[in-house]
Peer 1: 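Handing you a structure now.
All values derive from a computational prediction rather than experimental measurement.
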Amino acid sequence: MPDRAPQPVDRQLPTEEARDLISLVRDIAQQEIVPKAAEEEDAGRFPRELFTLLSRSGLLGLPYDSEYGGGDQPYEVYLQVLEELAAARLTVGLGVSVHSLASYALAAHGTKEQQVEHLPAMLGGGMLGAYCLSEPHSGSDAAALRTRAVRDGDAWLITGTKAWITHGGIADFYTVMARTGEEGPRGITAFLVPGDAPGLSAAPPEKKMGMKGSPTAQVHFDGVRVLDDRRIGEEGQGLAIALTALESGRLGIAACAIGVAQAALDEALSYATERRQFGKPIADFQGLRFMLADMATQIEAGRALYLAAARLRDAGRPFARQAAMAKLHCTDTAMRVTTDAVQILGGYGYTADFPAERYMREAKVLQIVEGTNQIQRMVIARHLVGPEGR
């Protein structure tokens with residue numbers, strides 16, 4: 001039987017530096033991430049030391065300005081790094097994406113003084129970030145958030161609870177959206193809150209069906225005092241900043257989804273070429289070959305979609321509609337592909353002895369985070385036909 005083992009993704013990268021970067025990421029993935037992924041996920045262990053390594057390697061600030069410790073990489077390259085990391089372990093890929101999301105507000109809307117003071121540590125100094133928008137009573141309806149910040153001299157006192165926070169309880173900094181004014185979207189302001197601020201605490205991590213190694217927790221703010229020089233942007237600009245950040249963050253989720261799907265396809269290919277039934281590899285049966293062909297096609301289409309959106313972003317052109325499409329298609333693809341991978345492995349796919357079942361459990365959350373796929377459809381439709389109830 002010819003060797004049909006899965007090969008690394010043949011990537012179209014814009015520079016030699018980008019090719020070297022992908023090689024570095026693949027080395028880290030194979031040496032530091034993959035060998036421990038199953039055990040650590042099963043134990044619910046977050047690999048904080050690995051994120052320190054990623055920071056030292058320049059991988060936590062890739063899309064940001066090198067003046068502040070970033071990597072000066074276009075989104076086209078950054079997202080492919082995320083895909084490689086997520087294929088090795090979603091906790092890592094998604095963690096890098098969330099850290100980048102948490103850094104966005106200050107990098108894009110902070111003052112020069114704020115950026116000089118904080119960004120180097122955030123992007124390359126070993127820090128880990130979290131993004132605080134959702135609340136127990138305001139998920140998709142972000143403008144209804146209740147966490148409030150009240151003026152106290154040259155500072156603000158923040159009180160409230162944030163929910164579903166990736167890295168909740170372990171982050172070194174939190175980008176927090178809090179209400180400083182009227183009800184609705186115009187009364188929200190963004191703040192950079194230190195992870196060790198007095199009055200900040202986290203609930204025990206949620207017990208999830210997948211991504212057990214990535215802590216997701218409620219974060220409580222009990223009169224947390226934050227100086228005004230940690231306010232990001234103008235008062236009332238917070239929701240606009242948050243939603244703009246999510247446009248880029250959705251591309252990160254799309255890339256992570258394709259990484260998980262690719263890992264599931266690779267697992268299915270390896271199994272199908274080795275497993276023999278009726279005297280031949282099961283990969284020789286047409287029904288299974290068609291499943292593999294469909295899986296590969298969906299992955300290639302998803303990769304092309306998120307890269308097309310990234311190139312629009314890199315060119316400074318509007319990309320919100322394409323980001324929503326990429327998030328929708330890529331995460332739905334991850335769910336279909338991982339489910340098919342379990343089916344191809346049969347009974348073995350349903351056991352923890354193989355990673356296919358973990359990929360399927362992990363894929364589900366990607367259809368939910370950073371705007372459910374129903375919200376993505378609403379965003380796309382608004383771009384096509386305008387807002388509802390005109």
Peer 1: Looking at Arg358 and Glu41, is there a salt bridge between them, counting it only when a charged N and a carboxylate O are closer than 4.0 Å?
Peer 2: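 So Glu41 does not pair with Arg358 through a salt bridge.
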Peer 1: For a side-chain hydrogen bond (donor to acceptor under 3.5 Å, both in side chains) check, start with the C-alpha distance between Gln114 and Asp229, then their side-chain angles and the critical distance, and finish with the verdict.
Peer 2: CA-CA 8 Å; Gln114 287 175 323; Asp229 63 13; over 6 Å; no
Peer 1: side-chain contact (heavy atoms from CB on, under 4.5 Å), that's the test. Do Gln376 and Arg250 meet it? Break it down for me.
Peer 2: CA-CA 10 Å; Gln376 305 313 313; Arg250 285 166 182 160; 3.3 Å; yes
Peer 1: Do side-chain atoms of Ser270 reach the backbone of Glu267 as a donor and acceptor pair under 3.5 angstrom?
Peer 2: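 No: the side chain of Ser270 does not pair with the backbone of Glu267.
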Peer 1: What are the two closest heavy atoms between His383 and Ala320, and how far apart are they?
Peer 2: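 His383 and Ala320 have their closest heavy atoms at NE2-CB, 3.8 Å.
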Peer 1: Output yes when Asp65 and Lys112 qualify as a salt bridge under the 4.0 Å nitrogen-oxygen rule, no when they do not.
Peer 2: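 Looking at Asp65 and Lys112, the cut-off is not met.
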Peer 1: Can Thr161 and His220 be said to form a side-chain hydrogen bond (donor to acceptor under 3.5 Å, both in side chains), step by step?
Peer 2: CA-CA 5 Å; Thr161 297; His220 305 299; 3.1 Å; yes
Peer 1: Work out which heavy atom in Leu13 is nearest to a heavy atom in Arg19; give both atom names and the distance.
Peer 2: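 Residues Leu13 and Arg19, closest heavy atoms: O-NH1, 3.3 Å.
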Peer 1: Does Arg186 have more than 12 heavy atoms from other residues, nucleotides or ligands lying within 6.0 Å of its CZ?
Peer 2: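 Result for CZ/Arg186: open.
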Peer 1: Might you point out which heavy atoms bring Ala363 and Thr338 nearest each other, and give the distance in Å?
Peer 2: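 Looking at all heavy atoms of both residues, the shortest contact is CB-OG1, 3.6 Å.
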Peer 1: Is it the case that more than 12 heavy atoms not belonging to Glu206 sit under 6.0 Å from its CD atom?
Peer 2: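 Enclosed.
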Peer 1: Hydrophobic clustering (ILVMFWY, side-chain heavy atoms < 4.5 Å, transitive) - are Tyr64 and Leu106 grouped together?
Peer 2: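 Linked within one cluster.
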Peer 1: With Trp156 as reference, evaluate Val150, Thr180, Thr189 under the side chain to side chain contact (heavy atoms under 4.5 Å, CB included) test and give the passing residue.
Peer 2: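 Running side chain to side chain contact (heavy atoms under 4.5 Å, CB included) over Val150, Thr180, Thr189 with Trp156 returns exactly one hit, Thr180.
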Peer 1: Output, in order, the C-alpha distance, side-chain angles, deciding distance and verdict of salt bridge (Lys or Arg N to Asp or Glu O under 4.0 Å) for Glu183 and Arg146.
Peer 2: CA-CA 9 Å; Glu183 295 299 313; Arg146 301 176 184 176; over 6 Å; no
Peer 1: Checking Lys280 against Phe285: charged group under 6.0 Å from the ring centre and within 45 degrees of the axis?
Peer 2: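 Yes; both conditions hold, so Lys280 lies above the ring face of Phe285.
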Peer 1: Are Lys327 and Glu370 close enough, and set up right, to give a salt bridge (Lys or Arg N to Asp or Glu O under 4.0 Å), and what steps lead you there?
Peer 2: CA-CA 9 Å; Lys327 199 274 184 182; Glu370 295 192 28; over 6 Å; no
Peer 1: Side-chain contact, heavy-atom cut-off 4.5 Å: Pro47 with Arg45?
Peer 2: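 No, side chains not in contact.
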Peer 1: Before you tell me yes or no, could you show the steps for Ile344 and Leu288 under side-chain contact (heavy atoms from CB on, under 4.5 Å), namely the whole-Å CA-CA distance, both residues' side-chain angles and the distance that decides it to 0.1 Å?
Peer 2: CA-CA 7 Å; Ile344 287 170; Leu288 193 144; 3.9 Å; yes
Peer 1: With a sphere of 6.0 Å drawn around CD of Gln286, does it hold more than 12 non-hydrogen atoms of other residues, nucleotides or ligands?
Peer 2: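 12 or below, so no.
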Peer 1: Yes or no on salt bridge (Lys or Arg N to Asp or Glu O under 4.0 Å) for Arg225 and Asp154, after CA distance, side-chain angles and deciding distance?
Peer 2: CA-CA 10 Å; Arg225 192 170 190 273; Asp154 63 349; 3.4 Å; yes
Peer 1: Which pair of non-hydrogen atoms, one from Ala202 and one from Gly169, has the smallest distance, and what is that distance?
Peer 2: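 So the minimum-distance heavy-atom pair works out to CB-CA, 3.4 Å.
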Peer 1: Do Asp266 and Gln262 meet the criterion of a side-chain donor-acceptor pair at a distance under 3.5 Å?
Peer 2: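 Indeed, the side chains of Asp266 and Gln262 share at least one donor-acceptor pair under 3.5 Å.
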Peer 1: Is the Tyr104-His99 ring centre distance short of 6.0 angstrom?
Peer 2: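 No, the ring of Tyr104 stays outside the 6.0 Å limit from the ring of His99, centre to centre.
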Peer 1: Is Arg89 reaching over with its side chain to a backbone N or O of Val92, donor-acceptor style, under 3.5 angstrom?
Peer 2: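 Answer holds: no.
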Peer 1: May I ask you to decide whether Arg151 forms a salt bridge with Asp228, counting only side-chain N to carboxylate O separations under 4.0 Å?
Peer 2: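 Asp228 and Arg151: salt-bridged.
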Peer 1: Following the transitive rule for hydrophobic clusters with a side-chain heavy-atom cut-off under 4.5 Å over Ile, Leu, Val, Met, Phe, Trp and Tyr, establish whether Tyr68 and Leu101 coincide in one cluster.
Peer 2: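 No; tracing contacts between hydrophobic side chains, which count when under 4.5 Å, never links both residues.
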Peer 1: Applying side chain to side chain contact (heavy atoms under 4.5 Å, CB included) between Ser57 and each of Leu21, Ile28, Asp27, report the one that passes.
Peer 2: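 Per the side chain to side chain contact (heavy atoms under 4.5 Å, CB included) rule, the option paired with Ser57 is Ile28, out of Leu21, Ile28, Asp27.
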Peer 1: Using side-chain heavy atoms (C-beta onward) and a distance below 4.5 Å, is Gln115 in contact with Glu117?
Peer 2: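 SC-SC contact between Gln115 and Glu117 ruled out.
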Peer 1: Contact between Leu200 and Val219 at the side-chain level, heavy atoms closer than 4.5 Å - yes or no?
Peer 2: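 Contact flag for Leu200/Val219 side chains = yes.
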Peer 1: Hey, is CD on Glu16 packed in by over 12 heavy atoms from elsewhere, all under 6.0 Å?
Peer 2: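 Enclosed.
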Peer 1: Starting from the C-alpha separation in whole Å, work towards a yes-or-no answer on salt bridge (Lys or Arg N to Asp or Glu O under 4.0 Å) for Arg289 and Asp284.
Peer 2: CA-CA 7 Å; Arg289 293 170 78 89; Asp284 285 353; 3.7 Å; yes
Peer 1: Here's a test for you: under salt bridge (charged side-chain N to carboxylate O under 4.0 Å, His left out), which of Arg303, Arg11, Arg311, Arg313 qualifies with Glu76?
Peer 2: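 Among the candidates, only Arg311 passes.
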Peer 1: Would you please indicate if the ring centroids of Phe51 and Phe46 are separated by under 6.0 Å?
Peer 2: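 Close enough - the centres of the two rings lie under 6.0 Å apart.
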Peer 1: Could you walk me through whether Glu83 and Tyr306 satisfy the side-chain hydrogen bond (donor to acceptor under 3.5 Å, both in side chains) test, starting with their C-alpha distance in whole Å, then the side-chain angles of each, then the deciding distance to 0.1 Å, before giving a yes or no?
Peer 2: CA-CA 11 Å; Glu83 184 190 329; Tyr306 87 63; 2.5 Å; yes
Peer 1: Tell me, do Thr339 and Gln343 make a side-chain contact under 4.5 Å, heavy atoms counted?
Peer 2: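 In short, these two side chains do not touch, never coming nearer than 4.5 Å.
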Peer 1: Could you go step by step and tell me if Asp222 and Thr159 meet the side-chain hydrogen bond (donor to acceptor under 3.5 Å, both in side chains) rule?
Peer 2: CA-CA 5 Å; Asp222 184 11; Thr159 301; 5.3 Å; no
Peer 1: Say whether, by atom type as modelled, one donor and one acceptor occur between the side chain of Arg179 and the main chain of Gly184 under 3.5 angstrom.
Peer 2: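 It does hold such a pair.
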Peer 1: Distance check, rounded to the nearest 0.5 Å: Leu366 atom CG versus Met211 atom CE?
Peer 2: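 Rounded to the nearest 0.5 Å, the CG-CE separation comes to 7.5 Å.
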Peer 1: Begin with the C-alpha distance, continue with both residues' side-chain angles, and end with the deciding distance and a verdict on side-chain contact (heavy atoms from CB on, under 4.5 Å) for Ile158 and Phe191.
Peer 2: CA-CA 10 Å; Ile158 302 177; Phe191 297 91; 4.1 Å; yes
Peer 1: Decide yes or no on side-chain contact (heavy atoms from CB on, under 4.5 Å) for Lys162 and Gln218, but give the supporting numbers first.
Peer 2: CA-CA 5 Å; Lys162 294 295 181 178; Gln218 289 192 355; over 6 Å; no
Peer 1: Which heavy atom of Cys132 sits nearest to which heavy atom of Ile165, and what is that distance?
Peer 2: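 Between these two residues, the closest heavy atoms are CA-CD1, 3.8 Å.
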Peer 1: Do Arg382 and Glu388 come close enough that some side-chain heavy atom pair is under 4.5 Å?
Peer 2: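 Yes, at least one pair of side-chain atoms sits under 4.5 Å.
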Peer 1: In a check of side chain to side chain contact (heavy atoms under 4.5 Å, CB included) between Leu82 and each of Val96, Val25, Leu62, which one passes?
Peer 2: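 Single pass found, and it is Val96.
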Peer 1: For a quick test of reading the model, state the closest non-hydrogen atom pair linking Ala171 to Ala130 and the distance between them.
Peer 2: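 That closest heavy-atom pairing would be CB-CB, 3.7 Å.
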